[in-house]
Protein chains: 2
Amino acid sequence: MTTGQNRTKRATQSDVAALAGVSTAVVSAVISSKPGKTIRVGKEAEKRVREAMETLGYAPNVVAQSLAGGKRNIIGVFTYEAIFPSDSENFFYPFLLGIERGAMQLGQDLLLFTSSSFEQGPRSIFPNGANRMGVADGAILLGEEPDKSELKQLYDTGFPFVTIGRRDTKDADLNWVAADYTTAVSDVVDRCASNGHRTLKFVGATKVREQNMDREAGFLNKQGNGLTLSVERLAADDIDANWLQKCLDDGNTVVLTETFKHAVALEQQVLARHGNIPETISIVALAAPLNRSKDVERWTRISVPREEMGELAVRNLISQIRTPGHTAITATLPCGFVPGTTLTKI
Amino acid sequence: MTTGQNRTKRATQSDVAALAGVSTAVVSAVISSKPGKTIRVGKEAEKRVREAMETLGYAPNVVAQSLAGGKRNIIGVFTYEAIFPSDSENFFYPFLLGIERGAMQLGQDLLLFTSSSFEQGPRSIFPNGANRMGVADGAILLGEEPDKSELKQLYDTGFPFVTIGRRDTKDADLNWVAADYTTAVSDVVDRCASNGHRTLKFVGATKVREQNMDREAGFLNKQGNGLTLSVERLAADDIDANWLQKCLDDGNTVVLTETFKHAVALEQQVLARHGNIPETISIVALAAPLNRSKDVERWTRISVPREEMGELAVRNLISQIRTPGHTAITATLPCGFVPGTTLTKI
DNA sequence: TCAGATTGATTATGCGTATAATCATCTCGG
DNA sequence: CCGAGATGATTATACGCATAATCAATCTGA
């Protein structure tokens with residue numbers, strides 16, 4: 001083993017400045033060489049500074065940069081749940097994939113806020129009142145937020161952020177990137193109709209958030225045109241033999257399920273009465289699990305452009321950071337329709 | 001939409017201090033009321049300060065706290081490849097899971113270095129000469145590194161880091177967390193022996209790195225004791241009918257495969273000659289893919305404690321950061337043996 | 001030729017907090 | 001009644017960086 005590492009404190013701007021024989025202001029200017037700068041640096045000095053940085057292994061202290069109001073090229077990623085869940089179904093993953101791609105392209109590093117431990121209750125953006133995210137230039141918020149007032153609070157601080165998924169708040173003008181569920185579901189209804197279906201049922205989750213509203217709206221948009229549409233919101237467990245019987249009695253030939261659980265529950269009931277999908281009744285899954293297991297492939301379903309959403313969220317966040325103060329950026333990305341074997345012609 | 005964001009600055013310690021009629025030092029002391037403090041606060045003053053904090057909605061600025069405390073509470077995660085690969089097999093994931101857990105417990109945020117885009121060639125720790133990771137307090141290095149000299153270079157800068165996977169370098173004293181492949185493979189040999197196997201073959205990857213050496217060593221450790229052990233390193237593609245024939249002719253009753261590809265290739269050859277696993281020959285997979293598909297479960301194999309490795313890497317990194325200058329921390333975690341159906345008694 | 005523009009750099013200051021160094025009282029035993 | 005110790009609070013400074021305010025030197029053109 002060698003003598004050990006050079007344990008003197010990390011090099012600072014002053015160290016670099018001293019070695020290069022210039023002032024710290026010059027070093028600072030070299031690091032963040034922006035166009036309309038109040039302080040200019042000559043070729044020669046810049047070279048010396050860069051050499052000094054290299055020999056000292058200097059890297060700016062982001063925390064100090066933050067305090068002083070500089071740019072860090074770091075964007076935060078905040079989730080209310082653990083970002084790397086241990087159970088198989090990793091909801092965040094496809095988004096992260098897109099986020100990483102976007103970050104790479106724009107030269108940003110990704111800061112995951114894992115520090116705000118959620119020993120008691122869920123994570124909070126403001127654990128003991130402080131916004132832990134301040135070190136980043138802005139943040140992308142992922143997943144369900146239990147506390148919408150936190151969004152308002154964050155908004156009020158002026159910290160730039162983009163949520164993935166639409167967020168409506170009366171008193172805040174939020175940036176978000178969302179999937180166009182409305183159009184996607186309308187499209188599904190059209191496809192069903194052109195397959196001969198006339199009586200369709202939408203079965204949704206009981207917890208109603210923005211995206212659930214959108215799906216329902218996309219469904220009900222298609223009211224008329226000789227179609228009979230009904231909406232029902234219930235827990236997947238409530239889909240039992242009786243429910244199915246009534247559903248069939250009402251003449252429904254296709255059910256649009258908002259969650260995969262509902263789809264599976266429905267199929268089970270059909271199988272239980274020795275029926276078949278799609279012969280007994282067709283199903284279109286408006287949401288499907290992420291892992292590409294064989295069992296998912298057979299479902300006729302909607303696909304959500306998660307990677308694209310993540311990538312776009314980064315781009316929009318950067319726009320918001322670069323030119324702050326203007327109106328919110330919102331984006332809606334089209335979903336895909338994935339043909340399977342659970343929707344039939346009649 | 002409202003008029004826009006509340007752009008009035010957040011309340012600071014000074015504001016609170018002014019309102020409470022005390023100095024900022026008192027406010028600071030009230031906030032972080034630690035035991036052996038150099039500055040004391042009276043009951044009365046504390047009460048006024050708390051009231052002032054309440055009415056002003058004061059929240060400490062974490063960034064400033066960090067700066068003043070000289071800590072960033074940020075640990076970096078560096079990978080030479082994209083950390084969120086799009087192909088199904090996500091090598092990093094289980095490690096990240098453990099890393100997040102460790103970071104949470106220790107109040108650290110995670111900085112993923114996605115900015116050093118690798119358009120030309122692999123990522124580098126030192127793009128344009130500067131250590132990109134300096135923004136963090138330390139870092140965890142994940143995955144294969146093509147350039148071992150970079151590790152030495154990083155080591156020389158005094159930047160604290162821990163690699164996941166053993167790293168041997170003559171002229172550097174590195175911190176690492178690794179799986180105990182040696183013991184694990186020795187253990188496999190023992191189990192085979194107690195199942196009646198006497199002639200065993202180790203089939204390994206051609207690319208030999210530290211962990212491959214460890215596995216081989218664990219295997220050869222068991223030389224003697226009436227066992228006939230042979231080691232062969234070849235590409236999975238080179239496992240053909242001839243190779244299998246020779247393997248059987250040599251009297252081998254079990255093969256330890258270092259990669260899953262080798263295991264699959266071997267099984268294919270067995271099936272091709274209308275044999276069966278484990279009747280024709282037993283296989284123990286020393287490495288298995290991560291996704292818990294059914295096909296993995298049937299293999300008798302070694303499991304690597306990836307999550308624990310990630311978590312421990314964080315702990316050790318923090319130790320290294322908090323008490324710098326002492327000798328390197330290395331850790332070896334035991335692997336598990338997972339019984340499957342590909343190893344039989346004879 | 002010389003005032004104004006341009007270039008290259010310095011000095012001074014602020015960001016919000018933590019804390020070491022002080023200082024002013026008050027208490028109390030002898 | 002006095003000095004030692006305890007108590008409560010202030011002042012000063014550092015953390016590392018960005019940048020506004022300046023300043024000196026050089027260049028430009030009429």
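So you know, we letter chains A, B, ... as the sequences are listed, proteins then strands, and number each from 1.
Contacts of A/Val22 with the nucleic acid, taken as non-hydrogen atoms under 4.0 Å apart, involve only primed sugar atoms and P, OP1 or OP2.
Between A/Val41 and B/Thr24, the residue anchored nearer the 5' end of DNA chain C, judged by the nucleotide with its closest heavy atom, is A/Val41. With the nearest nucleotide of DNA chain D identified for both B/Ala64 and B/Arg48, B/Arg48 has the one nearer the 5' end. For the pair B/Val26 and B/Leu67, both in contact range of DNA chain C, the more 5′-proximal nearest nucleotide belongs to B/Leu67.
Using a cut-off of 4.0 Å between Lys/Arg side-chain N and Asp/Glu carboxylate O, B/Glu311 and B/Arg315 are scored as salt-bridged. Salt bridge annotation for A/Glu46-A/Arg50: present, with a cationic side-chain nitrogen under 4.0 angstrom from a carboxylate oxygen.
When the shell of 6.0 Å around NZ of B/Lys47 is examined, it contains 12 or fewer heavy atoms from other residues, nucleotides or ligands.
Taking 4.0 angstrom as the limit, B/Ser28 places a side-chain polar atom (N or O) nearer than this to OP1 or OP2 of C/dA18. The shortest distance between the side-chain N/O atoms of B/Gln65 and the OP1/OP2 oxygens of C/dG16 is not below 4.0 Å.
Applying the side chain to side chain contact (heavy atoms under 4.5 Å, CB included) test between A/Leu312 and each of A/Ile99, A/Ile329, A/Leu317, A/Val177 identifies A/Val177 as the sole match.
The NZ atom of A/Lys71 sits 9 Å away from the P atom of D/dT19 (whole-angstrom rounding). Regarding A/Arg10, its CZ atom lies at a distance of 10 Å from the P atom of D/dG16, rounded to whole Å. Across the protein-nucleic acid pair, A/Asn61 atom CG and D/dA14 atom P stand 17 Å apart, rounded to whole Å. To the nearest angstrom, P of D/dG16 lies 8 Å from CZ of B/Arg72. Here the C1' atom of nucleotide D/dA18 and the CD atom of A/Gln13 are 8 Å apart, to the nearest Å. Residue B/Asn73 contributes atom CG, which lies 13 Å from atom P of C/dA18 at whole-angstrom precision. Rounding to whole angstrom units, CE of residue B/Met53 and C1' of C/dG16 are separated by 15 Å. Atoms CZ (A/Arg40) and P (D/dT26) sit 16 Å apart, rounded to a whole Å.
For A/Phe161, there are no ring-ring contact (aromatic ring centres under 6.0 Å, His included) partners at least two apart in sequence or on another chain.
Of the candidates C/dA9, C/dA18, D/dG16, D/dG16 carries the atom nearest the A/Ala68 side chain, counting heavy atoms from C-beta on. Here the nucleotide nearest the side chain of A/Ala25, chosen from C/dG16, D/dG16, C/dT11, is C/dT11. Closest contact between the side chain of A/Ser23 and the listed nucleotides D/dT7, C/dT10, C/dG16 involves C/dT10.
With 3.5 Å as the limit, one finds a donor-acceptor pair spanning the side chains of B/Tyr80 and B/Glu150.
Residues B/Tyr155 and B/Phe159 keep their aromatic ring centres 6.0 Å or farther apart.
One axis for each end of the helix from C/dT1-D/dA30 to C/dG30-D/dC1, each built from five base pairs, and the angle between them comes to 50° at 10° resolution.
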